[in-house]
Amino acid sequence: PSVFLMDEPLSNLDAKLRVQTRTEVSKLQRRLGTTMVYVTHDQTEAMTLGDRLAVMRSGILQQVGSPHELYENPLNLFVAGFIGSPAMNFMAGTLEEGSLRTSIGDLPLSAQLRRSLESAKTGRQVIVGIRPENFEDAALVQPDMRGHGVTFQANIEVVESMGSDVFVYFTQESGLTTTTDQLADLADDSDTGASEETVTARLDPATQIHEGDAAELWADIRTMHIFDPDTGANLSLGTEPAEAAGPAAT
């Protein structure tokens, strides 16, 4: 065949067999050199198998690109929240005199980011996105790196050690009183519009943080994303992305 069409072929397999079969599919594609169109709701499958990803929302194409492109430069809030595991953390932010006020502190804005926000002509209210892997135990951050982020206090509720990583969870005031349709599509009904949000942070396994600690964490803000709360557009990119590329071809 000149092309293979696969519609969630691994969805009924147990976790171990799913990973094993995913690897076999990848090796098969490279051996045959034949195009495969692979439909999946599992973004891990999409990221590991796809050379190019097409993210759909309600039948509308949101963004097309390599896994790296979609991870680093999501065009909108839906793509940002869907690509990446664990998912990106979102919180409300207010633009005030060259900085961004959030529940984890005031985040300074680079000159380039300020220009992007000014050209977008957005209001003072925005949504800030920070990935779990951009947090760290402040005690483990090198002095020359501290200036690239913000240090804050968090009451740690859950700690999960994965061996190679440690995930910690804490609750912050999200401030997301107005929720875009894109954010609602990413959340359970019970989470939509909640005043508090559980934040996930992925830390170095050397951390000594325990459950119940009032810990000092650090967030790298160089890779944070800022979204328009009304349209969901990623304002950090400096351009106004299209909400959709049009109805999907069938």
Side-chain angles (χ1 to χ4, degrees), residues 1-90 127 129-134 160 162-165 167 179-189 191-192 200 202 223-225 227 231-234 236-237 239-250:
S2 58
V3 62
F4 289 93
L5 307 179
M6 299 186 178
D7 188 359
E8 300 191 68
L10 311 183
S11 58
N12 292 323
L13 302 182
D14 64 54
K16 183 177 180 180
L17 187 56
R18 190 167 183 159
V19 172
Q20 179 182 338
T21 309
R22 188 177 73 208
T23 304
E24 291 299 322
V25 171
S26 183
K27 291 194 300 187
L28 181 66
Q29 194 277 330
R30 282 162 175 72
R31 180 164 62 84
L32 296 176
T34 304
T35 297
M36 291 182 177
V37 179
Y38 191 104
V39 180
T40 179
H41 288 282
D42 184 335
Q43 54 103 342
T44 301
E45 283 184 10
M47 293 286 283
T48 54
L49 287 173
D51 296 303
R52 283 174 62 77
L53 306 186
V55 176
M56 307 283 290
R57 172 176 169 256
S58 302
I60 303 297
L61 189 61
Q62 300 294 298
Q63 187 174 354
V64 180
S66 69
H68 180 76
E69 278 182 89
L70 271 61
Y71 177 86
E72 294 289 344
N73 300 303
L75 288 184
N76 60 38
L77 193 142
F78 181 81
V79 176
F82 184 73
I83 297 296
S85 181
M88 183 181 288
N89 300 294
F90 297 112
I127 295 176
I130 302 178
R131 295 196 181 278
E133 48 269 37
N134 295 134
E160 295 177 344
M162 305 295 288
S164 59
D165 299 288
F167 293 97
T179 307
T180 68
D181 290 341
Q182 294 181 28
L183 196 58
D185 284 353
L186 290 167
D188 295 331
D189 290 342
D191 294 332
T192 303
T200 305
R202 184 177 184 175
T223 54
M224 71 176 175
H225 297 272
F227 303 92
T231 66
N234 190 345
S236 314
L237 302 180
T239 58
E240 182 68 19
E243 170 68 13
T250 57

Is it the case that the side chains of Ser236 and Asn234 hold a donor-acceptor pair, with the cut-off being a distance below 3.5 Å and no angle test?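 Yes - a donor-acceptor pair under 3.5 Å links their side chains.
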Flag for Gln63-Asn76: side-chain donor and acceptor within less than 3.5 Å: no
Any side-chain heavy atom of [X] sitting closer than 4.5 Å to one from [Y]?
{"X": "Glu45", "Y": "Arg18", "value": "yes"}
{"X": "Val37", "Y": "Leu5", "value": "yes"}
{"X": "Arg22", "Y": "Val19", "value": "yes"}
{"X": "Asn89", "Y": "Arg131", "value": "no"}
{"X": "Ile83", "Y": "Leu53", "value": "yes"}
{"X": "Thr44", "Y": "Met47", "value": "no"}

Atom [atom1] in [X], atom [atom2] in [Y]: separation rounded to 0.5 Å?
{"X": "Glu24", "Y": "Leu10", "atom1": "CD", "atom2": "CG", "answer": "11.0 Å"}
{"X": "Ser164", "Y": "Arg202", "atom1": "OG", "atom2": "CZ", "answer": "6.5 Å"}
{"X": "Gln43", "Y": "Thr48", "atom1": "CD", "atom2": "OG1", "answer": "9.5 Å"}
{"X": "Glu160", "Y": "Asp165", "atom1": "CD", "atom2": "CG", "answer": "11.5 Å"}

List the atom of [X], the atom of [Y], and the distance in Å for their closest heavy-atom pair.
{"X": "Pro74", "Y": "Val79", "value": "CB-CG1, 3.9 Å"}
{"X": "Ala80", "Y": "Phe227", "value": "CB-CZ, 3.5 Å"}
{"X": "His41", "Y": "Glu8", "value": "CD2-OE2, 3.2 Å"}
{"X": "Gly129", "Y": "Phe90", "value": "CA-CD2, 4.0 Å"}
{"X": "Ala87", "Y": "Gly81", "value": "CB-O, 3.6 Å"}
{"X": "Pro67", "Y": "Gly50", "value": "CG-O, 3.3 Å"}

Would Leu28 and Met36 count as a side chain to side chain contact (heavy atoms under 4.5 Å, CB included) if you check the C-alpha gap in whole Å, the side-chain angles of each, and the deciding distance to 0.1 Å? CA-CA 10 Å; Leu28 181 66; Met36 291 182 177; 4.3 Å; yes
Can you check side chain to side chain contact (heavy atoms under 4.5 Å, CB included) on Ile130 and Met88, steps first, answer last? CA-CA 6 Å; Ile130 302 178; Met88 183 181 288; 5.7 Å; no
Should the heavy atoms of other residues, nucleotides or ligands under 6.0 Å from CG of Asn12 be counted, would the total exceed 12? no
